[in-house]
Each structure stands twice: as structure tokens, then as C-alpha cells.
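Take a look at the structure set out below.
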Protein chains: 2
Amino acid sequence: MQKLTAQRQAILDMINRFDKHWDADEIAYALKEEGISIGIATVYRGLAALADQGLIESIQLADKKRYERADKSHHDHLVCTGCGSIEEFCEPQIESLQDKVAEERGFKIEGHQLLLFGLCKTCKAEES
Amino acid sequence: MQKLTAQRQAILDMINRFDKHWDADEIAYALKEEGISIGIATVYRGLAALADQGLIESIQLADKKRYERADKSHHDHLVCTGCGSIEEFCEPQIESLQDKVAEERGFKIEGHQLLLFGLCKTCKAEES
DNA sequence: ATAACGAATGATAATCACTATCGATACAAT
DNA sequence: ATTGTATCGATAGTGATTATCATTCGTTAT
Ligand SMILES: [Mn+2]
Ligand SMILES: [Mn+2]
Ligand SMILES: [Zn+2]
Ligand SMILES: [Zn+2]
């Protein structure tokens, strides 16, 4: 029985309003800017609850978790080590190969995360 | 220039002696068991230095980094959410699809990490 | 309407992996 | 021997996240 409280609705609305990957602090700050002040612990709990219900998606980066809207089809991420930008890509062949690998080993997949690290087009051009 | 000191050699030897994925504390504890006591900060620095030189490999899990020997061919990981065990797999087709995706976007890949989460064969069987 | 119960909130303390600091050491080059 | 550079180890600090706990909110039972 997870409740969709006013605070959680505000967090969800904010995430759905933009197409980006938020961390908890960014959400709290953006809400405060709009006059909606939510305790940071509540933001963390709200994000966890929303992700739990599938209302938002999350990716675990090395240092922190980032959240995004869930109304996009499944995708994985390219993370630029130069500027920190995050691009998205969808490759169904990779997804089915993952399923094949898991099945071969009797492993029941609950989720996966594929991160490609490197330099985005812009940062690559700036390299010398 | 990074030195391969006695402490770092001991860490490297330990990692090369077993085929597992170690965190920093496990390394420090295993060494102490053998009478080799190394400061925890030195263990962290040693692991970073060894990984930097390609003498060991690392994977970033949600909570912590884990290290393994580097004398195996590249592979990715299946992480059991039941017992925490880590299996390995190698799927060249996935690797080449990653390269294709990156190339299409002008993204220069420096590395990647693919984690499959779920239940290993044993834990799946125990699920009622 | 009121009492009662479960869940959520928010301020804050605590946790935990990891990094920074800094005086002491090791070791190689001059 | 002296200098210089990298490392060591004890420990303080950092930053994201979670735990605690008194208070508040919503819903259901009376
Ligand atoms: Mn995304
Ligand atoms: Mn491995
Ligand atoms: Zn970039
Ligand atoms: Zn398992």
C-alpha cells in the first residue's frame, strides 16, 4: 500500500515535465524553485516509491542514482566522461541476446543495465 | 609513474590466486589472515593503481566496486539478487552491437558495463 | 463526528564506501 | 649524504543514502 501523496505527485509531475535524468538533490531544488519545499528524506523515499510502482525509471551511476520519466520505451545509456551528458539508445538485438544468455544458464532476469562510457560527439571533437 | 610496491604486489597476488570478485575490505581481511596487514587506505589506493595499469579489472556495483583478475578475456556479469553471487558471460555479438550504436552517434567508447540482475539457477529453484 | 490505525513527513543522526590530509618512510638519482 | 618523488598508514572528512522518531495526514471503524 504505497500512497501517491501530494509530495510524491509533485515529484512525479516534475520528472514528467522534462526529459532528463535527475538526482535527488536536483529534484528537491527544482521543486523549491517553484515554492514546493519537500524534505530531502521525503524526496529520496518518494523517488524510491515511484520507481517501485513503475511510475518512473532509474539508473544507477557510479556515484548516485538518477531518475527519469517512465513513459518512454525501454532504452540504455551512453554516458559522456567528458561533460557528463547522458544519451539514450535502443537496441532490441542486444536485449534478445541478453535473454538468450540468461536462458542458457537458467538465470531468471529481473532487470539489466547497460552503460557505455566514453566521449560524446561534442567532447570528442574538442579532443585536440 | 606508478610503483608496484610490496603492498600492491601482495594485493595483486591475492586477486590472481582466486577467481572471485573482491571488494576492498575482503582483500584487506584476506591479507591480514595471512599475516600481511595493509592499511585500508593503501588497499583502496593499491586497487585503483592496479586497475589503472590494467593488472586487475573492476566492476561498479550499486554499493561498491569489486575487483577481479585481469588474465581472463573480457566478459560481463549476471548478478543474483537472491544470494549475491556473480556469474560471468561473454557475448561477442553484444559487444559489436555496442560498437555499432556508438559509431552511429559519433560516440567514442572508452568502456562499458553490462549487468544482468535476477535469480541464479539455484535461487530460482528455491522460489516456491 | 470522533476515535483509531497505518503510512508518510521532515529534521536530523547515522551509515558506509571512499577520498583527502599529513607526517613518516622507502628508494632511486645526484 | 642529500634531494626528490612516490607511497604508506592512521585518521579526518565527504557525499549519497538510510534509519530514527515524534508529528501529521487519510482512511476506516465506531
Ligand atoms: Mn534514459
Ligand atoms: Mn568477472
Ligand atoms: Zn560530452
Ligand atoms: Zn542466487
Side-chain angles (χ1 to χ4, degrees), chain A residues 1-15 20-53 55-68 79 81 84 86 113 115 117, chain B residues 1-15 20-53 55-68 79 81 84 86 113 115 117:
Chain A
M1 22 60 239
Q2 305 236 76
K3 293 183 177 176
L4 189 53
T5 63
Q7 288 89 340
R8 291 178 183 175
Q9 186 66 60
I11 293 169
L12 179 57
D13 290 345
M14 179 63 74
I15 289 175
K20 57 171 289 192
H21 304 84
W22 306 79
D23 68 31
D25 277 319
E26 288 168 349
I27 290 281
Y29 182 77
L31 288 171
K32 188 172 292 177
E33 289 283 278
E34 296 193 350
I36 303 171
S37 196
I38 301 181
I40 189 63
T42 301
V43 173
Y44 274 103
R45 280 182 302 231
L47 288 168
L50 292 168
D52 209 55
Q53 296 168 101
L55 298 175
I56 59 177
E57 288 293 324
S58 72
I59 55 176
Q60 174 69 56
L61 301 188
D63 51 339
K64 61 178 69 163
K65 228 171 191 167
R66 289 188 170 276
Y67 297 86
E68 64 179 319
V79 181
T81 54
I86 301 176
Q113 177 167 281
L115 295 176
F117 301 103
Chain B
M1 43 69 168
Q2 307 232 73
K3 292 183 177 175
L4 189 54
T5 63
Q7 288 90 340
R8 291 177 185 176
Q9 187 65 60
I11 293 169
L12 179 57
D13 289 344
M14 179 64 73
I15 289 175
K20 58 171 288 193
H21 303 83
W22 306 78
D23 67 30
D25 277 318
E26 288 168 350
I27 290 281
Y29 183 77
L31 288 171
K32 187 172 293 178
E33 289 283 279
E34 295 193 350
I36 304 171
S37 195
I38 301 180
I40 188 63
T42 300
V43 173
Y44 274 104
R45 279 182 304 230
L47 288 168
L50 291 168
D52 209 56
Q53 296 169 97
L55 298 175
I56 58 177
E57 289 293 324
S58 71
I59 55 176
Q60 174 69 57
L61 300 188
D63 51 339
K64 62 180 68 164
K65 230 171 190 165
R66 288 187 171 274
Y67 297 86
E68 64 178 319
V79 181
T81 53
I86 300 177
Q113 178 167 282
L115 295 176
F117 301 103

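Below, read A as the first sequence line, B as the second, and so on, with proteins coming before strands; counting in each chain starts at 1.
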- Would you check, one step at a time, whether the test side chain to side chain contact (heavy atoms under 4.5 Å, CB included) holds for A:I38 with A:I27? CA-CA 10 Å; A:I38 301 181; A:I27 290 281; over 6 Å; no
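Rounding to whole angstrom units, CD1 of residue B:I11 and P of D:dT7 are separated by 12 Å. Distance A:L50 CG to C:dA8 C1': 13 Å, rounded to the nearest Å. The separation between A:W22 atom CH2 and D:dA16 atom P is 17 Å, rounded to whole Å. We find that CD of A:Q2 is positioned 15 Å from C1' of C:dT9, with the value rounded to whole Å. Rounded to a whole Å, the CG atom of A:D52 is 11 Å from the P atom of C:dA8.
Applying the salt bridge (charged side-chain N to carboxylate O under 4.0 Å, His left out) criterion to A:R66, with sequence neighbours excluded, gives A:D23, A:E26.
Interatomic distance, B:I56 CD1 to B:L50 CG, rounded to the nearest 0.5 Å: 4.5 Å.
No donor-acceptor pair under 3.5 Å is formed between the side chain of A:Q7 and the backbone N or O of A:T42. Using a distance-only test at 3.5 Å, with no hydrogens or angles considered, no donor-acceptor pair links the side chain of A:E33 to the main chain of A:Y29.
Put simply, A:Q7 has a side-chain N or O that comes within less than 4.0 Å of OP1 or OP2 on C:dG10. For C:dA8, neither phosphate oxygen OP1 nor OP2 lies less than 4.0 angstrom from any side-chain nitrogen or oxygen of A:T5.
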- Could you run down nucleotides 12-30 of chain C 5' to 3' and tag each one B, S or - for protein heavy-atom contact under 4.0 Å? B----SBBBB---------
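Nearest-nucleotide mapping onto DNA chain D: of B:S37 and B:M1, the residue sitting toward the 5' end is B:M1.
At a threshold of 4.5 Å between non-hydrogen side-chain atoms, the residues A:L55 and A:I15 do not count as touching.
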